[in-house]
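Here the structure comes first, spelled out in structure tokens, and everything after it is commentary.
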There are 2 protein chains.
Amino acid sequence: MASEKVTSMDVAKKAGVSQSAVSRVLTPGASASKKTAAKVISAVNELGYRPNIIARTLITGKSRIIGLVVAYLNNRFYPKVLEKLSNKLQKEGYQVLIFIAQNTDDDISNVIEGILEYQVDAIVAASVGMSSDLAARCQASGVPIVLFNRGQTNSALSSVTSDNFKGGWKAAKHLLELGHKKIGYIAGWEGASTQLDRESGFVAALKEKKITITHREVGNFVRNEAQDAARRMFSNQNHPTAVFVASDHMAFAVIDVLRSELGFRVPEDISLIGFDDVSLASYSAYNLTTIKQPITQMVESTVNILLDQINHPQVQKNQIIKIDPTLIKRNSTSSVKDSK
Amino acid sequence: MASEKVTSMDVAKKAGVSQSAVSRVLTPGASASKKTAAKVISAVNELGYRPNIIARTLITGKSRIIGLVVAYLNNRFYPKVLEKLSNKLQKEGYQVLIFIAQNTDDDISNVIEGILEYQVDAIVAASVGMSSDLAARCQASGVPIVLFNRGQTNSALSSVTSDNFKGGWKAAKHLLELGHKKIGYIAGWEGASTQLDRESGFVAALKEKKITITHREVGNFVRNEAQDAARRMFSNQNHPTAVFVASDHMAFAVIDVLRSELGFRVPEDISLIGFDDVSLASYSAYNLTTIKQPITQMVESTVNILLDQINHPQVQKNQIIKIDPTLIKRNSTSSVKDSK
DNA sequence: TACTATTTTGCATACGAATGCAAAAAATAA
DNA sequence: TTATTTTTTGCATTCGTATGCAAAATAGTA
């Protein structure tokens with residue numbers, strides 16, 4: 001059956017030059033005469049030679065692989081991130097090695113250790129919390145890490161998020177402008193910085209108007225938990241007229257429950273606002289008003305930080321980037337009805 | 001700043017043994033006395049040693065990396081596949097290296113060449129067409145390839161799909177049972193074997209009842225093209241009462257257009273059936289009747305084939321696996337009204 | 001105890017490409 | 001032409017781990 005692998009030695013022999021000559025011809029910065037270059041190139045083509053990145057990695061110390069840790073792929077937000085990130089990195093000559101982790105300290109720790117074995121040039125941890133000692137170990141390993149969509153209390157690591165506090169704030173402003181007074185909140189997983197910041201921002205803006213949340217439930221960023229949260233929140237007469245749901249993914253769950261189980265209309269009876277602006281939010285079945293996370297910019301910043309840290313390992317500066325999210329008004333929110 | 005990388009030599013020195021002893025202790029199959037094993041293990045822990053997979057790859061020829069080529073990440077179907085595939089492979093000690101390709105022969109060819117440089121142990125090509133000469137080159141490279149969710153005319157490569165013909169057949173049967181006579185079809189990208197097979201099966205089942213498709217449009221598996229297709233199909237009075245849409249992703253687009261632009265009710269006015277059974281299909285906002293692709297089984301088969309081919313490279317048998325899809329009845333289809 | 005069978009260990013080498021160094025070749029100057 | 005500078009080239013080594021082989025240590029047998 002199949003061809004043996006062809007190495008730079010084979011090319012060298014075929015071209016009648018040394019292996020180092022082959023290497024130099026194929027390395028952009030190196031010196032080689034046109035004559036040998038030509039010979040090498042034609043030998044490369046004839047033999048169908050492809051350099052072995054693994055061998056190259058061993059000697060250069062650069063694998064051109066970026067490790068990506070993800071926890072929730074079921075949330076629509078992350079496939080998009082993966083796509084954009086991978087595309088952008090591919091353009092820069094890097095590839096993405098995927099690691100799926102459960103969101104527990106233990107598992108994340110294991111996964112990160114595993115990543116390091118692959119000699120990745122950098123790590124992106126998307127929506128994954130990091131204990132500070134794990135963070136420390138990562139730093140020690142010398143591999144740059146960027147937290148994506150998760151902040152960190154001790155800011156030892158670089159992170160890129162949208163400004164979740166501001167996002168929560170804007171959500172509140174929007175509901176207030178529409179005249180809502182009885183306002184609920186459905187929280188995400190409380191271990192996530194995104195959840196905390198969104199809620200703080202939301203509460204802070206309400207407080208300015210001397211309003212506090214009347215109802216609060218936890219959905220943990222999970223569909224069926226969000227559904228349960230909605231059922232609890234709207235199980236009695238005294239329910240809010242507007243709800244901020246900490247992610248679009250959960251907001252869809254809430255809308256489904258409100259409309260098809262509980263018989264509410266959205267937005268006529270209840271106003272709902274989400275967070276993320278995943279593509280489904282714009283489908284007319286939901287038409288969800290939401291706070292848009294600027295994925296493109298977030299990914300861009302992430303890649304910039306990564307490349308910067310890969311190329312200048314000596315300067316140990318960690319950056320905290322927060323990008324302004326924007327309110328996208330659609331049709332899941334409306335002015336409060338004169339109640340009763 | 002940070003720690004230099006610790007190698008097996010460092011461990012050896014610390015433990016007072018040779019480097020080969022360290023290697024043997026850490027390699028499952030090899031012989032080592034309990035005494036040295038203990039010394040090595042404790043040195044490993046003290047130094048926080050992690051083996052360098054890259055170096056190991058160089059010598060063993062096994063990278064424990066599987067290359068995954070994907071074209072459409074926007075279709076809900078693929079993130080799920082990625083998640084399941086990655087999870088399963090992780091359990092087997094492999095990782096997934098992602099490559100995003102445009103669905104053109106040229107780009108795919110480039111991407112595959114790129115993958116091979118990384119010395120992956122196998123390649124999964126998800127919903128990516130493969131010209132037969134590219135297939136040949138892959139075979140030549142000796143790296144096992146499995147096509148996922150795409151068949152191939154010349155069956156030189158292994159492939160795992162659901163039985164799309166049968167799926168189309170079942171969709172037709174369902175609509176026929178509901179009494180529909182005027183039936184339309186919205187096609188996916190005509191370069192995809194999935195599209196062709198689904199349509200053939202659908203048409204064949206109709207033909208058995210002497211019925212032919214009255215309307216046909218092409219949506220290319222893309223949302224806005226599917227929307228246009230729907231607009232064209234329902235722009236005049238003489239429209240079908242039921243439509244089979246070649247993917248759920250497109251079906252949602254069609255439903256949105258029917259309901260919110262054209263004022264039809266689904267399923268009262270128009271019955272719709274999709275293909276895939278992505279999670280959104282079960283949300284009450286759509287409640288889409290569809291043909292379920294058995295992702296779990298498909299991924300399982302894929303992984304089995306991969307591991308089999310990795311572990312027994314000599315036997316060059318390529319498998320064509322087609323798994324029966326099942327009809328999931330929800331609420332986007334109903335009996336035909338007595339028309340006029 | 002002495003001798004053989006078995007296990008454990010270290011030495012040396014290999015994997016494939018990149019690179020410092022010095023020799024060879026080519027280009028330039030005198 | 002010869003001397004000198006510059007470029008090109010090959011040799012040898014390196015990265016970190018695995019493994020065949022032979023030596024050393026241990027266990028087993030008589």
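So that the names make sense, note that chain A is the first sequence line, chain B the second, and so on, each numbered from 1.
Among the heavy atoms of the strands, none lies under 4.0 Å from B:Val22.
Checked against D:dG10, C:dT9, D:dT17, the side chain of B:Thr36 finds its nearest nucleotide in C:dT9. Closest to the side chain of A:Arg24, from the set C:dC21, D:dA18, C:dT9, is C:dC21. Side-chain proximity of A:Ile59 to the nucleotides D:dT17, D:dT26, D:dT14 is greatest for D:dT14. Here the nucleotide nearest the side chain of B:Arg56, chosen from D:dT9, D:dT17, C:dC15, is D:dT17. The side chain of B:Ser33 lies closest to C:dT8, out of C:dT8, D:dG16, D:dG10.
For the pair B:Lys13 NZ and C:dG10 C1', the interatomic distance rounds to 15 Å; values are reported in whole Å. Rounded to a whole Å, the NZ atom of A:Lys34 is 13 Å from the P atom of D:dT7. When the P atom of D:dC15 is taken as reference, atom CD of A:Gln119 falls 14 Å away, rounded to whole Å. Taking atom CG of residue B:Leu58 and atom C1' of nucleotide C:dT13, one finds them 13 Å apart after rounding to whole Å. One interatomic measurement links the two molecules: NZ of B:Lys5 to P of D:dT14, which rounds to 17 Å at whole-angstrom precision. Nucleotide D:dT17 holds its P atom 9 Å from the CG atom of B:Leu26, rounded to whole Å. The CD1-C1' distance, from A:Ile53 to C:dC15, rounds to 16 Å in whole Å. Straight-line distance from the NZ atom of B:Lys35 to the P atom of C:dT7: 17 Å, rounded to whole Å.
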side-chain hydrogen bond (donor to acceptor under 3.5 Å, both in side chains) between A:Ser20 and A:Ser23: does it pass, once the steps are laid out? CA-CA 5 Å; A:Ser20 35; A:Ser23 172; over 6 Å; no
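The phosphate of C:dG16 (OP1 or OP2) has no side-chain N or O of A:Ser8 nearer than 4.0 angstrom. Within the structure, every side-chain polar atom (N or O) of B:Thr7 is placed at least 4.0 Å from both OP1 and OP2 of D:dG16. Note on A:Tyr49: a side-chain N or O is less than 4.0 Å away from OP1 or OP2 of C:dA17.
Contact annotation: the side chain of A:Tyr94 never approaches that of A:Lys88 to less than 4.5 Å [non-hydrogen atoms, C-beta and beyond]. At least one side-chain heavy atom of B:Tyr49 sits less than 4.5 Å from a side-chain heavy atom of B:Ser8.
Using modelled atom types, one finds no donor on one side chain facing an acceptor on the other under 3.5 Å when comparing A:Thr57 with A:Gln119. Looking at B:Ser158 and B:Gln319, their side chains never bring a donor and an acceptor atom within 3.5 Å of each other.
More than 12 heavy-atom neighbours from other residues, nucleotides or ligands sit within 6.0 angstrom of NZ on B:Lys39.
Between the side chain of A:Ser18 and the base of D:dC11, no donor-acceptor pair under 3.5 Å is found. Side-chain atoms of B:Ser20 and base atoms of C:dC11 include a donor and an acceptor less than 3.5 Å apart.
Each of A:Ala32 and A:Ala55 lies near DNA chain D, and the nucleotide nearest A:Ala32 is the one positioned closer to the 5' end. Heavy-atom nearest nucleotides on DNA chain C were determined for A:Ser23 and for B:Ala37, and the one closer to the 5' end corresponds to B:Ala37.
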